[in-house]
Number of protein chains: 2
Amino acid sequence: MTQASGGGRDAESVSKFVESFAAQLVEAGMQRMAARVFAALLASDKGVLTSAELGEQLRISPAAVSGAVRYLAQTHMVSREREPGSRRERYRVHGDQWYEALTNREAVLKRWEAALREGVDSLGPDTPAGRRLAETLAFFEFMEGEVAAMMERWRVHREKTFGM
Amino acid sequence: MTQASGGGRDAESVSKFVESFAAQLVEAGMQRMAARVFAALLASDKGVLTSAELGEQLRISPAAVSGAVRYLAQTHMVSREREPGSRRERYRVHGDQWYEALTNREAVLKRWEAALREGVDSLGPDTPAGRRLAETLAFFEFMEGEVAAMMERWRVHREKTFGM
DNA sequence: CGCTGTCTTCAGAAATTTGTGAAGTTAAGG
DNA sequence: CCTTAACTTCACAAATTTCTGAAGACAGCG
């Protein structure tokens, strides 16, 4: 049997969750196919699916899977594994790694900071606009440190709550 | 004179910063016009511009300004002010309010949490996938508290650094 | 060495998003 | 009230993005 009672793991329940969570991700700016693939992985039993499984479950072409997976791997939301002795590839969501990646807007922050620094510079640090930019810059610099500390606290909290 | 020496506030310096900062915002998912309008406000002397000024500086139609400003106001990145005794409207970036808004993904977080909760429920809390979703949910709940505390620390830090 | 399963790349069709001009709405000023 | 400045809404053209089928590349296997 695929599934029996109550809180079911039947195809429809899974699909319902996948689509609704993906919709949230899309709204937050993620590409649609990437979001759907990611949600499908999250909802899978092992946290691992092959390209074919993804394609079948989501009803999308191999090309779409390929594109989505490339994006997800680049942003470290999933990792790819070569199933040894086969040309199949498997994609895995690492459970605790992906939201760290989510927080890893670090690269993004760095670029924002660079743009702001240039702005302070070119508008002049003593102009009102320059001061405004400088304060914004300070905020991002502050954030960067805080986020790191926060993730550390999360790890501790996680151990306590979910055991290791 | 509009500007004299060195770190110039000439139209070109401003425009260069505006476009480059806007580009970063776009890359992070913001609509292009909204990003440009916002950057222009950030780089303005008073942090306030009228619709006409925005349109002229960015070379965009009133319709585009209107759309951008609506988005920015909805997300609390800027506030609108009726200039009293005139039909002009002015848009202001609040210097210290907008990045609080940036952090106010709270509404977003809430919706993610809702979707995850539904997922845990429908996949079953004792399935591997259910447990994975539950942990993710816990992460977001943890985040929500942390972000609030972090912003409080920023306010303190800000006072110290920039005076009150 | 050639066959075959699997992923990737590519060109183009389809859908979506974006920005504009023009018409519509609102309210200040005479 | 009527006029008119200022913002908003709307329909559409243009640009961009998205997804697919088909061809290509790569690597196991016989």
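Labels below follow one simple rule: chain letters A, B, ... track the order of the sequence lines, proteins then strands, and each chain is numbered from 1.
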Query raised in the report: Can any side-chain N or O of B/R132 pair as donor or acceptor with the backbone N or O of A/L42 at less than 3.5 Å?
Result: yes
Query raised in the report: Below 4.5 Å, heavy atoms only, C-beta onward: do A/E118 and B/K16 meet side chain to side chain?
Result: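 In short, these two side chains touch, coming nearer than 4.5 Å.
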Query - A/L137 side chain reached by A/W112 side chain, heavy atoms, under 4.5 Å - result: no
Query raised in the report: Going 5' to 3' on DNA chain C, which nucleotide is the first and which the last to come under 4.0 Å of a heavy atom in chain A?
Result: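 Footprint of chain A along DNA chain C, 5' to 3': C/dT4 to C/dT9.
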Query raised in the report: So, are B/R117 and B/E141 salt-bridged, with charged N and O less than 4.0 Å apart?
Result: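 A salt bridge is present here (some side-chain N lies under 4.0 Å from a carboxylate O).
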Report task. Give every residue pair that meets the ring pair (Phe, Tyr, Trp, His ring centres under 6.0 Å) criterion with at least one member in residues 20-68 of chain B, sequence neighbours excluded. Result -> B/F17-B/F21, B/F38-B/W98
Query - Between D/dT18 (C1') and A/Y71 (OH): distance, integer Å - result: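 Distance, rounded to whole Å: 15 Å.
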Query raised in the report: For nucleotides 2-12 of chain D, read 5' to 3', which letter fits each nucleotide if B means a protein heavy atom sits under 4.0 Å from the base, S means only the sugar-phosphate is that close, and - means neither?
Result: --BBSSBB---
Query raised in the report: If you find the nucleotide of DNA chain C closest to B/G85 and the one closest to B/Q31, which residue's nucleotide is nearer the 5' end?
Result: B/Q31
Pairs of donor and acceptor atoms involving the side chains of residues 56-63 of chain A, under 3.5 Å and at least two apart or interchain, shall be tabulated with distances.
{"unit_1": "A/S61", "atom_1": "OG", "unit_2": "A/A63", "atom_2": "N", "d": "3.4"}
{"unit_1": "A/S61", "atom_1": "OG", "unit_2": "A/A64", "atom_2": "N", "d": "3.2"}

Side-chain donor-acceptor distances from residues 65-75 of chain A under 3.5 Å, at least two apart:
{"unit_1": "A/T75", "atom_1": "OG1", "unit_2": "A/Y71", "atom_2": "O", "d": "3.1"}
{"unit_1": "A/T75", "atom_1": "OG1", "unit_2": "A/L72", "atom_2": "O", "d": "3.2"}

Query raised in the report: Considering residues at least two apart in sequence or located in another chain, which fulfil the ring-ring contact (aromatic ring centres under 6.0 Å, His included) criterion with A/H157?
Result: A/W154, B/F142
